[in-house]
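What follows is a single structure, written as structure tokens, with notes after it.
To find a chain, count down the sequence lines: A is the first, B the second, and so on, and within it residues start at 1. Just so we're clear, the structure is a prediction, and the values are computed from it rather than from any experiment.
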Amino acid sequence: MRRFSSVPFSGTQEQEQQLTSWLEQHKDMPGAAMPALQKAQEIYGYLPIEVQRMVAEGLGKPLAEIYGISTFYSQFSLCPKGAYKISVCLGTACYVKGSGKIYEKLQEMLNITGGECTADGKFSLDACRCIGACGLAPVMTINDDVYGRLTGDELEEILSRY
Amino acid sequence: MEMVNLKINNIPCQAPAGSTILEAAHAAGIEIPTLCYLKEINEIGACRICVVEVKGARALATACVYPVAEGMEVFTNTPKVQAARKTNLELVLSTHNQDCLACARSGDCELQRLCREYGVDKTNAFEGEMPERSVDDSAAHMTRDNSKCILCRRCVAACAKNQGVGVINALERGFETHIGCAFEAPLAESTCISCGQCIVVCPTGALHEKDDTGKVWDALNDPRKHVIVQTAPSVRATLGECFGLPIGANVEGKMVAALRRLGFDGVFDTDFAADMTIMEEANEFLHRVKEGGVLPMITSCSPGWVKYCETFHPDFIPNLSSCKSPQQMFGALSKTYYAEKMGLDPAEIFCVSIMPCTAKKFEVGREDQSAAGEGVPDVDVALTTRELASMIRRAGLRFADLPDEAFDPAMGEASGAGHIFGATGGVMEAALRTAVETLTGESLAKLDFTEVRGTEGVKEATYEAAGLTVRVCVVSGTANAGKVLDAVRAGEKQYDFIEVMACPGGCVNGGGQPTQPASVRNFVDLKALRAKALYDEDAGMGLRKSHENPLVKKVYAEYLGEPGSEKAHHILHTSYVVRERQF
Ligand code: SF4
Ligand code: SF4
Ligand code: SF4
Ligand code: FES
Ligand code: FES
């Protein structure tokens, strides 16, 4: 069962304005829900309940339908990204070298599941496909920094740098 | 109508252009199994149980959505078709919690029946991971057990399209797909109006009402309790279906006999309270008209509708009649008038209602429904028609062999107007019979207001009486109600009196009524057949107007005074709340 972001919502007036005017213009278009959610994610970066409510209201659709779409397509994220985005490669080379374990350990350390963000908004965690650094497997990135040949023991120390 | 010629299993036949293979086969006497398909509301071709061979087509075709064509040759029963259907069932079973022995729908489950019909002989043809079991039993009226769900989405369609609520949906994707509310909210915190329309369309045991029969057995076995029962108008028109009688059989007499044998101390008729409702409602309506009160007045008998109004159209709360529903009026009178008459302490009386409706389970727990005082609810337990059937079975009563018996007189006498409350248009017709005679002071020459009869979702009529024009509208299915309210709000429609029943077709098609498989629902007009039983009963009666019911007159003369009196208000009227729309 999915867990939800505990990061407080911090949308601005301008963002809301932007979204509601888009919804106003497109509300009668058939199949508007999908592009509406794309637009909303473009504006807010993710789709928390507050934003999904705006979309549902704006299109005159039930929230359950909007939520159903937002959880069907993997392009949509219900959690914000952290200030530091951790991404663990689960591509074949990395996986064979144990990146699955690294991913699990990070979930434990940060007390979140993959796709989520810590409550203080600092770290978010995602899995990704091969990033072309197989020679360094297993690999993770934190924003633009790349860490390779991970064993798991150094994770504590790496996170403490941020 | 343009017809096309085709052959089904080598037999030539004709079907209207644009119809589906499923419909053409049905007309030709061949049943093709369906799981996801529900006519008009769920034509998604998802489950593939209905596959057939079409000559010249490469793949098997889904008969529920595949249109017929001139010269088409269809085969519904080839080895390939049988094998495909069986495999599809085995795939469903691979993620299904198969505890049929302890399942609410065992015996009338569509999945179980198809497995038997298609010779599924292994329950584990495909083994693998099972989805996590999640059960939502937060709501007062129903339970959802996703481990029994086959993801046909019939519930989603009924909730969104017929009811205009759309509180449930398929969430996530692939192996994780499941039915739930937005953000996994529990049903009790959602905008669910408790109508139970999702339950009656569910083919499996995934959705079922909260089983409250245990509370009733306990009360029946408690010597300190005086246990009485009331049966809603429409239950007599449907209960027989649970015992193999034809759809539309009126089993009032056997139902009464069964209840007596279950041990109830009084077996009464909600229809009497329906007559009381008409007295209060007609009075309230005429009062509103004369005093310039809020119009249109809208009926309040259907708790699913009331919850819908409170949740989605709170600006119309002042339009709702303040009358309690017949169920609650009955309960309130049982713990006041009847208690006094019988010399009983209201707290000793245990009032059970047999209802076509799951929202009635929600209604018994509403605020402002305790005429005899705090802590003494008007009605203690509301059971559905299905739950009554299960009690009758457990008690070992051979229903079809029971004699016909009559309700107990203390609160058992009802008019034909009370009986027709169970069908869309019935409350309006009953109210008109009384309101028009009250206005004109004359006897109506013709009692049938046929304009408001029939199963259409929205009906309109205009009547004149004593110089007054009354524009009425009759609506069933809350999606239709939403549209009518939007039109009234926008000033596009003007009415004086609106009847709304939450379920399409009214109580005869309520969420607590016997389930019928899709093979019946898709091809038989359940609503019309069941309603006919009620209109036939009304037509055959001498007493057809609520205000002529001697029992009603007696209750006013001995206890309440006039309709709309202060005492009547205290006991028979209620209030409403604005509901949050969180999920
Ligand atoms: S839903 Fe049907 S098949 Fe599944 S356990 Fe219940 S009775 Fe058996
Ligand atoms: S009870 Fe009615 S409103 Fe609630 S989920 Fe079922 S169909 Fe929807
Ligand atoms: S709950 Fe019932 S009706 Fe809804 S998708 Fe599951 S099996 Fe179908
Ligand atoms: S598999 Fe991880 S970088 Fe290629
Ligand atoms: S695909 Fe035809 S009934 Fe489901």
Does [X] have more than 12 heavy atoms from other residues, nucleotides or ligands lying within 6.0 Å of its [atom1]?
X: B:Lys493; atom1: NZ; answer: no
X: B:Gln98; atom1: CD; answer: yes
X: B:Tyr66; atom1: OH; answer: no
X: A:Arg161; atom1: CZ; answer: yes
X: A:Gln75; atom1: CD; answer: yes
X: A:Glu157; atom1: CD; answer: yes

Within residues 158-169 of chain B, which positions have a heavy-atom distance to chain A below 4.5 Å?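 Result: B:Val165, B:Gly166, B:Val167, B:Ile168, B:Asn169.
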Residue by residue, which of residues 480-489 of chain B have a heavy atom closer than 4.5 Å to a heavy atom belonging to chain A?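 Result: none.
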So how far is it from B:Glu184 CD to A:Tyr67 OH, rounded to the nearest 0.5 Å?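 The CD atom of B:Glu184 sits 4.5 Å away from the OH atom of A:Tyr67.
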Quick check for you: to the nearest 0.5 Å, what is the distance between B:Glu172 atom CD and A:Ser70 atom OG?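 Rounded to the nearest 0.5 Å, the CD-OG separation comes to 8.5 Å.
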Which of residues 27-64 of chain A get closer than 4.5 angstrom to chain B, counting heavy atoms alone? A:Leu47, A:Pro48, A:Ile49, A:Gln52, A:Arg53, A:Glu57, A:Pro62, A:Leu63, A:Ala64
What residues of residues 133-156 of chain A sit under 4.5 Å from chain B when only non-hydrogen atoms are counted? none
